[in-house]
J.: 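Before anything else, here's the structure in question.
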Amino acid sequence: MYFKKELAEILFDALEGEIPVQDLERLIEKPKNSEHGDLAFPCFTLAKVKKKAPSQIAQELSGKIQSDTFIKVEVVGAYLNVFLNKKLVAEQVINEIIAQKGDYGSQKVGQGGIVTIDMSSPNIAKPFSMGHLRSTVIGNSISLIMEKCGYKPIKINHLGDWGTQFGKLIAAYKRWGDVEKVKQNPIKELLALYVKFHEEAEGNPVLEDEGRAWFKKLEEGDIEALSLWQWFRDESLKEFSRIYDLMNVTFDSYAGEAFYNDKMDRVVKILMEKQLLTESDQAQVVLLEEEQLPPCLIKKSDGATLYATRDLAAALYRKENYQFVQSLYVVGHEQSLHFKQLIAVLKKAGFDWAEEMVHIPFGMMLKDGKKMSTRKGKVVLLEEVLKESIAIARKNIEEKNPNLVNKDEVAKQVGVGAVIFHDLKNNRMNDIEFSLEEMLRFEGETGPYLQYTYARACSILRKGNWQVTLTEKYKASWEKEWKVVSMLMNFSNVVNRACENYDPSQVAKYIVDLAQAFNKYYAEVKVLEENEERYARLALVYSVTVVIKEGLRLLGMEAPEEM
RNA sequence: GUCUCAGUAGCUCAGUAGGAUAGAGCAACAGUUUCCUAAACUGUGGGUCGGAGGUUCGAAUCCUCUCUGGGACGCCA
């Protein structure tokens with residue numbers, strides 16, 4: 001809210017400095033009910049200091065608020081309800097939006113600081129499931145929001161491209177694989193080989209040894225193993241990038257697990273030098289008793305490293321390579337303990353910057369109330385869901401707007417938008433029960449609803465021949481527009497809060513509220529009616545399009561001008 | 001067992017660093033297109049905010065305990 005500080009200062013003077021301005025500002029709130037004005041100041045806490053009844057204090061203060069911006073003050077019980085000068089404020093807000101366009105709501109708090117974001121991170125040779133969707137979509141939106149707040153995000157796709165599983169995959173391919181089949185449908189074919197390997201291995205333990213042997217060869221740099229691994233990786237990545245393209249997600253780095261292979265000895269050495277390693281059951285661990293955490297496993301009893309070791313190496317590399325001010329990990333809540341341990345180990349090793357690392361957890365995609373398992377093949381594939389969603393969008397266009405020119409493009413934007421928004425609209429931590437029906441709902445609080453609102457607004461602007469002009473003299477009281485205006489005013493606060501809390505749902509909910517307010521407005525007000533307020537109304541409609549479009553962009557969604 | 005997340009309308013969820021009568025969407029029912037795209041809008045019904053204590057002028061929100069469900073807890077990531 002723009003004017004909190006201003007009101008706080010006036011109250012500060014009125015109270016003759018008895019209470020610090022910051023405290024006053026914190027007490028000021030936005031009333032839920034618009035009848036209670038635009039800002040409210042409850043006087044309960046003052047009652048103790050002043051030793052007077054709260055309502056009496058409110059009464060006394062009300063006389064002392066004189067300002068062009070605060071045009072009316074009402075006392076209701078212990079509350080001081082303050083009303084803004086609608087004309088002054090509305091025109092200020094709208095001119096700001098017209099001048100700044102997409103930059104409206106941008107901030108500088110980040111001061112160009114680099115923030116690495118570990119996100120998406122699918123496993124090579126495995127399908128891109130709905131589970132990976134969350135990390136991708138949440139991470140992408142956080143990167144956009146942080147960028148808007150002045151940070152410089154670096155998106156890192158920490159691919160699962162190393163491990164014993166690749167030995168098994170190579171072994172399976174050598175036995176039953178077919179070049180052409182893999183080329184045609186890489187992930188499906190590789191997954192089939194992987195599944196077959198496990199099935200066969202149950203009755204034939206030789207296979208396990210074969211798999212291990214191939215992974216050993218891979219680690220030792222065997223040409224054949226390495227080239228097969230490279231090939232699987234390339235093919236998988238090709239398939240993943242189809243999905244990323246569809247969702248408009250890009251990465252600054254694809255350095256995955258394999259990348260850190262040669263960087264782990266150093267980590268072990270550092271931990272050894274600092275005497276943090278302890279032997280336990282032939283394995284090397286870092287004890288974290290003082291931190292009240294279970295020990296962190298660094299080396300297996302056979303000397304091999306583990307994912308904690310790899311993540312430590314990655315953390316070091318990222319700090320040295322990027323000099324981040326924050327390092328974010330958008331990874332499921334199941335791994336919360338792992339990240340606590342990771343940060344604790346780094347701190348113990350004397351790396352103070354470990355405090356700049358933040359795990360951003362999120363709830364799981366559930367199927368029938370349970371975690372989805374890749375093993376049973378019952379996993380839901382993201383690409384199929386997206387295709388289905390696009391098809392439904394396409395069908396809707398055919399029904400509702402058959403004359404639309406670029407139907408395929410719009411269907412893509414709407415279909416993908418529905419899936420993205422469904423994931424972002426709620427608190428990250430909530431588990432999501434997978435439901436196609438729910439996800440592909442296009443009415444109510446959904447992505448398509450927001451895009452539709454935007455398209456309608458654009459349509460009005462087209463019909464009204466709206467041209468962007470600055471500092472036009474408006475002729476309007478802004479009474480009916482006020483609710484929308486006050487929401488537009490709040491945009492930067494919302495962005496700010498979303499950034500501080502790494503929470504895209506704040507933005508998502510805000511756009512829904514804005515869209516609802518706007519839909520209500522133009523359902524009862526005829527924007528294009530020829531009278532002296534027409535220009536002001538069009539300016540408002542334009543402002544709404546700017547903010548909705550920018551809000552959607554921050555979620556990673558597109559805003560078609562017609563649909 | 002320890003740690004952790006969640007529990008608000010039939011369903012899915014909001015509830016802004018405790019505040020004024022607890023809000024949306026979906027579903028149900030009843031309406032709105034000679035009028036800017038009905039993917040919209042209007043109205044109706046629906047709640048012991050899991051439970052019990054406590055702090056406070058004031059608690060869905062903070063503290064303690066408790067119940068229910070999810071998840072994690074050394075050689076997978």
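So you know, we letter chains A, B, ... as the sequences are listed, proteins then strands, and number each from 1.
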J.: In whole Å, what is the span from the CE atom of A:Met365 to the P atom of B:C5?
T.: 22 Å
J.: Whole angstroms only, please: what is the CD-P distance between A:Glu279 and B:C75?
T.: 16 Å
J.: Base, sugar-phosphate, or nothing: which does A:Ala40 touch, judged by heavy atoms less than 4.0 Å apart?
T.: base
J.: In whole Å, I'd like the distance from the CG atom of A:Leu366 to the P atom of B:C5.
T.: 18 Å
J.: So what does A:Leu306 touch, heavy atoms closer than 4.0 Å: a base, only the sugar-phosphate, or nothing?
T.: sugar-phosphate
J.: Base, sugar-phosphate, or nothing: which does A:Arg26 touch, judged by heavy atoms less than 4.0 Å apart?
T.: base
J.: Looking for any heavy atom pair under 4.0 Å, which part of the strands does A:His338 touch: base, sugar-phosphate only, or nothing?
T.: nothing
J.: Going by modelled atom types, is there a donor-acceptor pair between the base of B:C36 and the side chain of A:Ser459 at under 3.5 Å?
T.: no
J.: In whole angstroms, how far is the P atom of B:A77 from the CG atom of A:Asp311?
T.: 10 Å
J.: Tell whether A:Tyr452 reaches the base of B:A39 with its side chain through a donor-acceptor pair below 3.5 angstrom.
T.: no
J.: Is A:His333 stacked against the base of B:A72, taking the criterion as centroid distance under 5.5 angstrom and interplanar angle under 30°?
T.: no
J.: Using side-chain contact (heavy atoms from CB on, under 4.5 Å) as the criterion, point out the one residue from A:Leu277, A:Leu271, A:Leu306, A:Val268 that pairs with A:Lys299.
T.: A:Val268
J.: What does A:Val525 touch in the nucleic acid at a heavy-atom separation under 4.0 angstrom: a base, only the sugar-phosphate, or nothing?
T.: base
J.: When both hydrogen-bonding distances must be under 3.5 Å and the geometry is Watson-Crick or G-U wobble, what is B:C41 paired with, if anything?
T.: B:G31
J.: So if I take every side-chain heavy atom of A:Val527 and compare against B:C36, B:C75, B:U16, which nucleotide ends up nearest?
T.: B:C36
J.: Please give the distance between the P atoms of B:G23 and B:G46 as a whole number of Å.
T.: 14 Å
J.: At 4.0 Å (heavy atoms only), tell me whether A:Ser336 reaches a base, stays on the sugar-phosphate, or touches nothing.
T.: nothing
J.: For A:Ala455, answer base if it contacts any base atom (sugar-phosphate contacts may also be present), sugar-phosphate if it contacts only those atoms, and nothing otherwise; contact means non-hydrogen atoms under 4.0 Å.
T.: base
J.: Rounding to an integer number of Å, can you tell me how far A:Leu440 CG sits from B:A39 P?
T.: 18 Å
J.: To the side chain of A:Lys400, which of B:A39, B:C57, B:C75 is closest?
T.: B:A39
J.: Just to be sure I understand the rule, does A:Asp513 reach a base, reach only the sugar-phosphate, or reach nothing, if contact means heavy atoms closer than 4.0 Å?
T.: nothing
J.: Do A:Lys263's NZ or CZ and the ring of A:Phe259 fall within the cation-pi criteria of under 6.0 Å and 45°?
T.: yes
J.: Look at the side-chain N and O atoms of A:Asn519 and state whether any lies under 4.0 Å from the OP1 or OP2 oxygen of B:A38.
T.: no
J.: Determine the interplanar angle of the A:Tyr535 and A:Trp466 rings, folded into 0 to 90°, and report it as parallel if under 30°, tilted if 30 to 60°, perpendicular if over 60°.
T.: tilted
J.: Of the candidate nucleotides B:U37, B:A39, B:U42, which contains the atom at the shortest distance from the side chain of A:Lys520?
T.: B:U42
J.: Do A:Tyr522 and A:Val541 have side chains that approach each other closer than 4.5 Å (heavy atoms only, starting at C-beta)?
T.: no
J.: Measure NZ/A:Lys340 against C1'/B:U2 and give the value in whole Å, please.
T.: 12 Å
J.: Which nucleotide in the list B:A38, B:G74, B:A24 gets nearest to the side chain of A:Ser280?
T.: B:G74
J.: Does B:U66 fall in syn (glycosidic angle within 90° of 0) or anti?
T.: anti
